[in-house]
Amino acid sequence: MPVTIDGQRLWGRIEAMARLGATPKGGVCRLALDDNDIGVHRQLADIAKRRGFRLLMDDVGNLFIRREGSDPSLPPIVSGSHSDSQPTGGRFDGIFGVLAAFESLEAIDDADIVTHHALECVIWNNEEGSRFVPGCMGSGVYAGVKPLDMAKATRDRDGISMGEAITQLWSCFPDAERRELGTPFAALLEAHIEQGPLLESGGEVLGVVTGMQGMRRFLIEVIGKEDHSGTTPRGLRQDALVDAIAIINALHALFWDGDDAIRFTIGHFELFPNAWSVVPGRVTFGVDFRYSDVETLKNLGDRVAPLAAEAAAHCRVSVNEVVNEPPVLFEGPVFEAIEAAVRSSGQPWRHIYSGAGHDCRFFPQRCPTGMLFIPCEKGISHNEAENAEPEHVAAGAQAIAESLLILDKQLP
Ligand SMILES: [Zn+2]
C-alpha cells in the first residue's frame with residue numbers, strides 16, 4: 001500500500017498524551033473534559049490546524065478532525081476512540097485508537113494521497129463514564145441511542161453538568177465548525193487495546209474483532225431503617241446491609257455458569273449513612289452483566305428483580321435497569337477491509353471477540369463498522385500498569401491507515 005505510518009511520531013504522541021493527567025504509578029487520570037482531557041483535544045487540534053485539517057464539534061462534545069476528500073458530497077470515513085480515562089487508568093485505553101486514526105490521517109497527508117471521501121479522526125466524549133455517568137455518552141448521543149438532554153444534565157461530583165463542561169470545551173475552539181449530531185458516516189473504524197490476555201498469550205499482534213458482548217446493568221436499592229447500633233436488638237432491625245449481602249449471594253449463585261463465560265460483577269456499592277454506630281438504613285449497588293447471547297441476556301437479566309425481592313428478608317428493594325445493550329456482530333465492508341489490511345501486514349493475527357464495550361458498538365445499524373485490537377501487556381487494563389509495545393501500536397495504526405484507503409476505494 002502507498003502509505004506508511006511513522007511509528008516514532010506515533011509513539012511520541014502516545015508519550016505526550018500520557019503526560020496529560022500522568023499519575024505517580026505511571027498511568028493517567030484524565031476524566032472527561034477535565035483540563036488534561038481538553039489538553040489532548042488542544043494538542044491534536046493545533047497539529048491538525050497546521051496541516052490544514054478542519055475541526056468540527058457537535059453538541060455533545062465530540063471532536064472530529066477532518067482531512068478533505070476530492071468529493072465533498074460523500075460522507076466521511078471516520079476512525080477514532082476516546083481520550084478520557086478511568087481515575088486510575090492506563091496510557092493506551094482509548095487514546096491509542098484516537099492517535100492511530102490521527103497518525104493515519106497524517107501519514108496519508110504526508111504521502112499526498114487524494115482520497116474521494118473525507119477522512120476524519122474522532123474523539124468521542126466521555127466514554128469511560130467515570131466523571132459523568134453513564135459512559136459512552138458522546139457516541140451514544142451521536143448515534144441517537146441516548147438522549148442529548150440526559151447527557152447534558154448529568155453532573156459530576158462537584159456539581160458541574162456535562163452541558164457546562166461542553167460549553168467550556170467549545171470556548172477552547174472558537175473556530176471549530178458545528179457538526180450536526182447524527183450526520184452520516186460512510187464507515188466507522190475503531191482501534192483499541194484488547195484489554196484482555198488472548199492476543200499476547202497467542203503471540204498475535206493484531207486482532208480483527210468479530211463482535212462485542214451485550215450488557216445489562218441494574219441499580220439495586222435496599223431500603224431498611226436506621227437504628228442505634230448499641231440499643232436495637234438484631235431481631236428488630238431492618239438492616240439494609242444484611243439484606244444486600246443476601247441478595248448479592250443469591251445473584252452470585254444465579255449467574256454462576258459451569259463454563260465461567262458469563263460476566264457478572266458488582267463493582268459499585270454504597271452504604272448509608274456509613275457510620276459505625278448506625279444500623280445501615282440504605283444500600284445501593286450496581287449489577288453489571290455481560291454476555292454474547294441474546295437469550296441468556298434476557299433470561300438471566302429478567303430474573304434479577306424477582307430474585308432480589310425474594311432474597312431480602314426485612315427490607316424493601318427496588319431494581320432499576322439502567323443499561324440494556326444487545327450484543328454486536330461485526331461483518332461487511334469494514335470488517336473485510338480491516339481483515340485484508342491485517343492479512344497483508346505479515347503480522348500474526350486472529351479473529352477476536354470483545355468482552356469490553358466500546359464507542360463503535362452503537363454504529364453497526366447506522367453504517368459499516370469494525371474494530372481492530374492490539375495486545376496489551378498481561379491483558380491488564382483500567383489500571384495504571386496498562387502497557388503496550390511500540391511495535392504493536394505502530395502495526396495497529398498501519399492497519400487502520402490501510403483500511404481507510406481500502407474503504408475509500410470500495411465504498412460508494
Ligand atoms: Zn476504551
Side-chain angles (χ1 to χ4, degrees), residues 60 62 78 80-82 94 97 122 124-129 133-148 150-151 181-182 184-185 187-192 194-196 198 207-220 251 254-255 257 259-268 286-308 319-336 338 351-373:
V60 73
N62 300 314
V78 181
S81 190
H82 59 98
V122 60
W124 296 115
N125 186 19
N126 191 50
E127 192 270 352
E128 298 288 3
V133 183
C136 288
M137 222 180 247
S139 50
V141 171
Y142 193 92
V145 298
K146 295 184 181 179
L148 176 63
M150 175 278 289
L181 289 169
F185 303 155
L188 179 67
L189 302 72
E190 181 168 3
H192 207 280
E194 180 198 337
Q195 304 185 284
L198 298 180
V208 181
V209 182
T210 54
M212 213 178 276
Q213 288 194 116
M215 171 165 73
R216 296 181 75 176
R217 281 184 169 171
F218 303 88
L219 188 64
I220 301 183
L251 290 173
L254 171 70
F255 281 87
D257 60 320
D259 301 334
D260 201 3
I262 289 174
R263 301 285 178 262
F264 168 84
T265 308
I266 293 166
H268 166 79
V287 169
D288 176 301
F289 163 38
R290 309 188 198 203
Y291 199 58
S292 54
D293 166 63
V294 181
E295 282 292 294
T296 309
L297 277 165
K298 171 158 178 37
N299 295 340
L300 278 183
D302 287 355
R303 291 193 58 196
V304 170
L307 189 71
V319 177
N320 268 315
E321 180 158 16
V322 288
V323 175
N324 186 346
E325 284 165 2
V328 170
L329 178 69
F330 293 122
E331 55 187 359
V334 176
F335 176 81
E336 287 157 20
I338 293 174
H351 287 131
I352 189 165
Y353 191 78
S354 177
H358 298 285
D359 287 305
C360 70
R361 73 171 306 132
F362 305 116
F363 288 84
Q365 291 91 349
R366 301 180 56 86
C367 66
T369 303
M371 260 199 111
L372 173 79
F373 280 169

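In this structure, Pro327 and Val294 have side chains that are in contact, with non-hydrogen atoms separated by less than 4.5 Å. Inter-residue side-chain proximity for Thr296 and Asp257 is flagged as unmet; no heavy-atom pair is nearer than 4.5 Å. A 4.5 Å side-chain heavy-atom check between Val141 and Leu148 finds at least one atom pair inside the cut-off.
Distance alone, capped at 3.5 Å, places no donor-acceptor pair between the Arg303 side chain and the Leu254 backbone. Between the side chain of Thr210 and the main chain of Ile352, a donor-acceptor pair closer than 3.5 Å is present. A donor-acceptor pair under 3.5 Å links the side-chain atoms of Arg366 to the main chain of Ala143, judged by distance alone. Formation of a donor-acceptor pair under 3.5 Å by the Glu325 side chain with backbone atoms of Gly214 is not found in this model. Using modelled atom types, no side-chain atom of Thr265 and backbone atom of Gly267 make a donor-acceptor pair closer than 3.5 Å. The backbone N or O of Pro326 lies less than 3.5 Å from a partner atom in the side chain of Arg361, making a donor-acceptor pair. Remark: side-chain polar atoms of Arg216 are paired, donor with acceptor, to backbone N or O of Leu297 under 3.5 angstrom. Of the possible polar contacts, none joining the Asn126 side chain to the Gly138 backbone as a donor-acceptor pair under 3.5 Å is found.
Ring to ring, Tyr353 and Phe330 are not that close: their centroids are 6.0 angstrom or more apart. Aromatic pair Phe373/His351: ring centres not closer than 6.0 Å.
Rounded to the nearest 0.5 Å, atoms NE2 (His358) and CE (Met371) are 4.0 Å apart. Atoms CZ and CG, on Phe264 and Leu300 in that order, are 10.0 Å from each other to the nearest 0.5 Å. With values rounded to the nearest 0.5 angstrom, Arg290 atom CZ is found 5.0 Å from Met215 atom CE. Rounded to the nearest 0.5 Å, atoms CH2 (Trp124) and OG (Ser81) are 10.0 Å apart. Between the CG atom in Asn62 and the CD atom in Glu127 there is a gap of 11.5 Å [rounded to 0.5 Å]. Annotation: the span from Leu251 atom CG to Ile266 atom CD1 amounts to 6.0 Å, rounded to 0.5 Å.
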Exercise. For Gln213 and Ser292, what are the C-alpha separation, side-chain angles and deciding distance, and is it a side-chain hydrogen bond (donor to acceptor under 3.5 Å, both in side chains)?
Worked result: CA-CA 4 Å; Gln213 288 194 116; Ser292 54; 5.7 Å; no

Problem set entry | Asn125/Met137 under side-chain contact (heavy atoms from CB on, under 4.5 Å): CA gap, chis, key distance, verdict | CA-CA 7 Å; Asn125 186 19; Met137 222 180 247; over 6 Å; no

Exercise. Step by step, would you call Glu331 with Glu336 a side-chain contact (heavy atoms from CB on, under 4.5 Å)?
Worked result: CA-CA 7 Å; Glu331 55 187 359; Glu336 287 157 20; over 6 Å; no

For this session: Could you go through the side-chain contact (heavy atoms from CB on, under 4.5 Å) check for Ser354 and Gln195 one step at a time?
Result: CA-CA 9 Å; Ser354 177; Gln195 304 185 284; over 6 Å; no

Exercise. For Glu321 and Arg217, what are the C-alpha separation, side-chain angles and deciding distance, and is it a side-chain contact (heavy atoms from CB on, under 4.5 Å)?
Worked result: CA-CA 6 Å; Glu321 180 158 16; Arg217 281 184 169 171; over 6 Å; no

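Between Lys146 and Gly135, the shortest heavy-atom contact is NZ-O, 2.8 Å. The nearest pair of heavy atoms linking Cys360 to Leu188 is CB-CD2, 3.8 Å. Nearest heavy atom pair, residue Gly370 against residue Ile338, reads C-CD1, 3.8 Å.
When each of Val208, Leu189, Leu372 is tested with Phe335 by the rule side chain to side chain contact (heavy atoms under 4.5 Å, CB included), just one qualifies, namely Val208.
The aromatic rings of Phe289 and Phe255 lie perpendicular to each other, with more than 60° between the two planes, well past the 30° mark.
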